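Shown next, in structure tokens, is the structure this report addresses.
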Amino acid sequence: MPETSRRHLLLGGAAVSAGALLTACTSNEPGNTGNDAPAGSAAPAADDRPGTPVTIGFAGPQADHGWLNAINENAERRAKKYSDVTLEITEGSNDTAAQIGQVQTLINKKVDVLVVLPADGKALTQVGLQAMKAGIPVVNLDRIFASPQAYRCWIGGDNYGMGLNAGRFIGEQLKDKPNATVVELAGMDSLELTKQRTQGFDDALKNYPNIRKVARQAADFTVESGQAKMAQLLQAQPRFDALWNHDDDQGVGALRAIAQAGRKDFLMVGGAGAKSAMDAIKADDSVLKATVLYPPTMAASAIDLARALGQKKGIGGMAELEIPASITLYSAVVTKENVDEYLPTGFN
């Protein structure tokens, strides 16, 4: 998962997907006549109307986490929206050799476009290159291949931005509290995404000199690990003002540990955007006050992009003839004030 860079196109989280751009046609709106149209406005843009039939091959890892299951559901639901799309979806696997074989099968079937969320981006780079060399454009979903030659378009979340926005939210809540302290319940430290989330969080806190991070524990994105590691944090830190938890699935366990300890003296911010977290935020009856999105709706947007590529169309609302090479989704902060807007995107 790449860090945010200037070459990425930032889009607005779960509420705004690439589909919003893909369905906005630029060249045939009423009144859009004359010589003042921007360059490229005559380029065909994808929309909801049936067009050239497109077969999309979809390969992802095993859906052993709520977020990954939501990825599959978003892809399948989006494909069903289009009468001109046929989706060939593989059985998810965390075994890189098995996933490589599944992608090669899709290549041999001569699908029009591939959407691949690799179990391991580096390990699947070669099969991405193989598809591109075979003339099959690849939409690389979230976990990035090691070479940009292995994909036509990358779309994914912003791990650094997740941490940054979590830190900013907590910072604004505590900015007037002298000597405020925070703790962090991270994900798996072996993953680059965890390091990026922590870096973003730490960088945000640098803007609030009154706030100090006093402890950090790494869990592994499961309910059980969240409960165990949160219990350790609570025991080691009898007082703190805020907690950032990287993942809402492990947050279920963290909330159990917090309830068992009878602690209500701090605010908690979650991560990813699970429906259970949003329900708790709306109820406002626990320490959980916000969650920072890592939207699984990116899979729906990947299908939109694949369809546009298969139909040789661009994105409405942009002057360029082609879809972007890279799209980074924004990590919105969901609070009690805006939770109703985001609840439909929450995953189980």
Side-chain angles (χ1 to χ4, degrees), residues 3-4 13-14 157-187 189 193-219 221 226 229-230 232-234 236-255 257-259 261 263-274 276-295 329-339 341-342 346:
E3 296 179 7
T4 306
D158 184 1
N159 287 292
Y160 178 85
M162 240 183 120
L164 193 69
N165 288 346
R168 284 172 174 166
F169 178 82
I170 288 173
E172 287 302 302
Q173 305 307 305
L174 301 180
K175 64 183 179 182
D176 297 323
K177 184 177 178 64
N179 302 314
T181 57
V182 301
V183 299
E184 180 181 7
L185 184 63
D189 272 338
L193 68 91
T194 298
K195 299 171 187 175
Q196 292 170 353
R197 291 177 186 184
T198 290
Q199 187 63 58
F201 187 61
D202 290 346
D203 286 351
L205 293 182
K206 290 175 184 176
N207 296 307
Y208 303 92
N210 64 307
I211 301 175
R212 183 167 54 98
K213 187 169 78 173
V214 294
R216 180 184 186 276
Q217 282 278 4
F221 298 133
K229 296 298 184 178
M230 191 67 231
Q232 292 176 23
L233 276 173
L234 292 168
Q237 301 294 327
R239 291 195 56 136
F240 55 86
D241 299 296
L243 157 71
W244 182 43
N245 162 55
H246 286 206
D247 176 73
D248 286 333
D249 273 16
Q250 70 185 27
V252 173
L255 285 169
I258 292 164
R263 295 283 294 272
K264 299 179 180 178
D265 55 323
F266 58 88
L267 69 91
M268 174 179 172
V269 176
S276 62
M278 294 189 196
D279 286 340
I281 290 165
K282 183 171 183 175
D284 197 21
D285 58 1
S286 73
V287 296
L288 183 60
K289 303 303 179 186
T291 188
V292 186
L293 296 185
Y294 199 82
L329 301 179
Y330 183 70
S331 293
V333 179
V334 178
T335 65
K336 186 179 180 181
E337 286 69 34
N338 64 6
V339 66
E341 180 181 354
Y342 290 102

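These numbers were taken from a predicted model, which means no experiment stands behind them. The first residue in the sequence is number 1, and the count goes up from there.
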Any sub-3.5 Å donor-acceptor pair from [X]'s side-chain atoms to [Y]'s backbone N or O?
{"X": "Thr291", "Y": "Ala277", "value": "no"}
{"X": "Trp244", "Y": "Gly270", "value": "yes"}
{"X": "Asp247", "Y": "Gln250", "value": "yes"}
{"X": "Gln199", "Y": "Thr194", "value": "no"}
{"X": "Asn245", "Y": "Val269", "value": "no"}
{"X": "Asn338", "Y": "Thr335", "value": "yes"}

Practice problem: Using side-chain contact (heavy atoms from CB on, under 4.5 Å) as the criterion, list what pairs up with Ala261, not counting sequence neighbours. | Solution: Leu234, Arg263
Self-check item: From CG (Leu288) to CE (Met268), nearest 0.5 Å
Solution: 5.0 Å
Quiz item: CG of Asp265: more than 12 outside heavy atoms within 6.0 angstrom?
Solution: yes
Are [X] and [Y] packed together at the side-chain level, in the sense that at least one heavy-atom pair is separated by less than 4.5 angstrom?
{"X": "Thr181", "Y": "Leu174", "value": "no"}
{"X": "Leu243", "Y": "Leu267", "value": "no"}
{"X": "Arg168", "Y": "Val333", "value": "no"}
{"X": "Asp248", "Y": "Met278", "value": "no"}
{"X": "Leu293", "Y": "Val334", "value": "yes"}
{"X": "Arg212", "Y": "Val182", "value": "no"}

Practice problem: Answer yes or no: is there an ion pair linking Lys282 with Asp279, defined by an N-O contact shorter than 4.0 Å? | Solution: no
Quiz item: Is a salt bridge present between Asp241 and Lys177, judged by a nitrogen-to-oxygen distance below 4.0 Å?
Solution: yes
Return the minimal non-hydrogen interatomic distance between [X] and [Y], and the atom names on each side.
{"X": "Ile281", "Y": "Lys336", "result": "CG2-N, 3.5 Å"}
{"X": "Ser276", "Y": "Val252", "result": "OG-CG2, 4.0 Å"}
{"X": "Ala236", "Y": "Pro238", "result": "O-CD, 3.5 Å"}

Quiz item: Checking side-chain hydrogen bond (donor to acceptor under 3.5 Å, both in side chains) against Tyr208, which of Gln173, Glu172, Lys175 comes through?
Solution: Glu172
Quiz item: Does a side chain donor of either Tyr294 or Asn159 reach within less than 3.5 Å of an acceptor in the other side chain?
Solution: yes
Practice problem: Sequence neighbours left out, what passes ring pair (Phe, Tyr, Trp, His ring centres under 6.0 Å) with Phe266? Give chain and number order. | Solution: Phe240
Quiz item: Only one of Lys195, Lys229, Arg197, Arg216 clears salt bridge (charged side-chain N to carboxylate O under 4.0 Å, His left out) with Asp189; which?
Solution: Arg216
